Number of protein chains: 2
Amino acid sequence: MADRPRSRQIVDAARELLETEGADALTMRRIADRLGIRAPSLYKHFPDKQAVEAELIAQGLAEMADAQEAAVAAEPGQPLVALGAAYREYALAHPHLYRLMTAGPLPRHLLPDGLEARAALPLVKAVPDEHRARAVWAFAHGMVILELDGRFPPDADLDPAWRVGMATFST
Amino acid sequence: MADRPRSRQIVDAARELLETEGADALTMRRIADRLGIRAPSLYKHFPDKQAVEAELIAQGLAEMADAQEAAVAAEPGQPLVALGAAYREYALAHPHLYRLMTAGPLPRHLLPDGLEARAALPLVKAVPDEHRARAVWAFAHGMVILELDGRFPPDADLDPAWRVGMATFST
DNA sequence: CCTCCTTGGCTAACGGCGTTAGCTAGACAG
DNA sequence: CTGTCTAGCTAACGCCGTTAGCCAAGGAGG
């Protein structure tokens with residue numbers, strides 16, 4: 001079901017809407033509009049909206065995994081710093097998708113097997129201790145989501161905060 | 001408007017709904033039901049739903065500030081550890097309110113002046129360097145929100161991750 | 001005492017949401 | 001030619017936040 005051509009078009013339309021107009025625009029009716037059809041017709045291809053969102057989340061996780069793998073490959077000396085920079089860069093480039101990927105519980109049963117693990121792998125390899133790896137992940141996610149949500153003071157320069165955090169965890 | 005008795009009842013009903021049934025239950029109609037009135041009547045007391053939510057956010061921030069201040073007062077030797085524990089404890093005790101407080105942009109224009117600063121003050125005092133303070137905040141928020149959203153493996157013991165993170169930032 | 005205005009309810013309704021039921025035109029297989 | 005499946009459609013349901021407009025009760029001023 002998920003890789004039939006029409007289904008791909010639906011996911012593409014959904015992604016375009018999400019990335020350009022944000023989560024509020026990600027509506028079954030708006031998706032259908034983009035394809036010149038009516039909202040109920042979407043249910044011939046996906047059981048519900050959550051299934052469409054799950055495809056977007058899967059795309060995001062895969063792209064995030066790619067970015068992380070590329071980052072460690074490019075800078076093997078400082079894997080943590082490279083990972084952090086790549087993580088932040090992807091999130092800022094796709095803020096709405098990043099929020100969709102990370103806000104609320106993951107619909108794990110709708111995601112390809114092993115995808116979540118693949119996205120986590122670069123960090124797990126760079127930080128073998130699992131507790132430390134979780135701490136680093138929490139730091140990176142916290143930095144990104146607070147930045148995306150405008151929680152830091154508007155004039156705050158976040159580069160030093162990233163540097164301090166990454167340096168702290170690197171020792 | 002915000003401290004008239006009827007307005008207080010509305011906010012109390014909203015909080016009860018949010019804490020016991022989650023964000024989906026926080027509905028103008030459900031709030032009104034609790035008070036035995038109809039939803040449109042709520043608009044005689046608040047201009048819109050966001051204003052009610054802002055009151056809840058203000059409550060949460062104030063309570064969080066109280067908890068943090070009490071934590072450093074009780075354990076002045078290890079302020080960071082005390083702050084982290086109090087932060088996590090409050091978030092886990094009020095998961096839906098914590099999400100409301102921290103998800104998406106803050107409606108700053110609807111919050112009492114200085115409240116946001118007061119909530120941040122204990123951490124700022126414990127960690128004088130602003131960049132480091134932001135990094136610690138990001139870590140704590142990341143840990144909490146990932147835990148609330150079930151993003152860590154279900155059997156993960158998060159105490160060690162907190163310890164590692166807090167110890168790392170304490171040095 | 002009567003009148004007027006404010007307060008805080010009400011019903012009806014609008015446009016949006018996700019979703020379901022039920023219909024149908026067309027393609028394609030036997 | 002007939003039957004079946006695909007993928008569209010309209011109509012509708014029950015939610016949502018919100019607005020318009022009406023009205024009863026009560027207090028203030030003459």
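Computed from a prediction, not measured in an experiment: that's the story for all the values here. Order of the sequence lines sets the chain letters (A, B, ...), proteins ahead of strands, with each chain counted from 1.
OP1 and OP2 of dG8(C) both lie 4.0 Å or more from every side-chain N or O belonging to Ser41(B). Distances shown here put every side-chain N or O of His45(A) at or beyond 4.0 Å from the OP1 or OP2 atom of dT6(D). The phosphate of dG9(C) (OP1 or OP2) has a side-chain N or O of Arg6(B) nearer than 4.0 angstrom. The side chain of Arg38(A) places an N or O atom within less than 4.0 Å of a non-bridging phosphate oxygen (OP1 or OP2) of dT10(D). Contact annotation: Lys44(B) side-chain N/O to dG9(C) OP1/OP2 distance is not under 4.0 Å.
If you check dG18(C), dC9(D), dT18(D) against the side chain of Tyr43(B), the one that comes closest is dT18(D).
Partner Trp162(A) forms a ring pair (Phe, Tyr, Trp, His ring centres under 6.0 Å) with one of Phe139(A), Phe152(A), Phe169(A) and no other, that one being Phe139(A).
A donor-acceptor pair under 3.5 Å links the side-chain atoms of Lys49(A) to the main chain of Leu26(A), judged by distance alone.
Judged purely by distance below 3.5 Å, without hydrogens or angles, the side chains of Tyr87(A) and Gln68(A) never pair a donor atom with an acceptor atom.
A straight line from CZ of Arg30(B) to C1' of dG14(D) spans 15 Å, rounded to a whole angstrom. For the pair Arg29(B) CZ and dT19(D) C1', the interatomic distance rounds to 12 Å; values are reported in whole Å. As a whole-Å value, the separation of Ile31(B) CD1 from dT18(D) P is 10 Å. Rounded to whole angstrom, the span from the CD1 atom of Ile37(B) across to the C1' atom of dA24(D) amounts to 16 Å. In this entry the distance linking CZ of Phe46(A) with P of dT6(D) reads 16 Å, nearest Å. Note: CG (Asp33(B)) to P (dC10(C)) measures 11 Å, nearest angstrom. One atom, CG of Asp48(B), and another, P of dC16(D), lie 17 Å apart when rounded to the nearest Å. In this entry the distance linking CZ of Arg4(B) with C1' of dT7(C) reads 9 Å, nearest Å.
Ion pair Arg134(B)/Asp129(B) not flagged as a salt bridge, since none of the NZ, NE, NH1 or NH2 atoms sits closer than 4.0 Å to an Asp/Glu carboxylate oxygen. The residues Arg118(A) and Asp113(A) are annotated as not salt-bridged, no charged nitrogen and carboxylate oxygen being separated by less than 4.0 angstrom.
Within 4.0 Å of Leu42(A), counting heavy atoms only, lies no atom of the nucleic acid at all.
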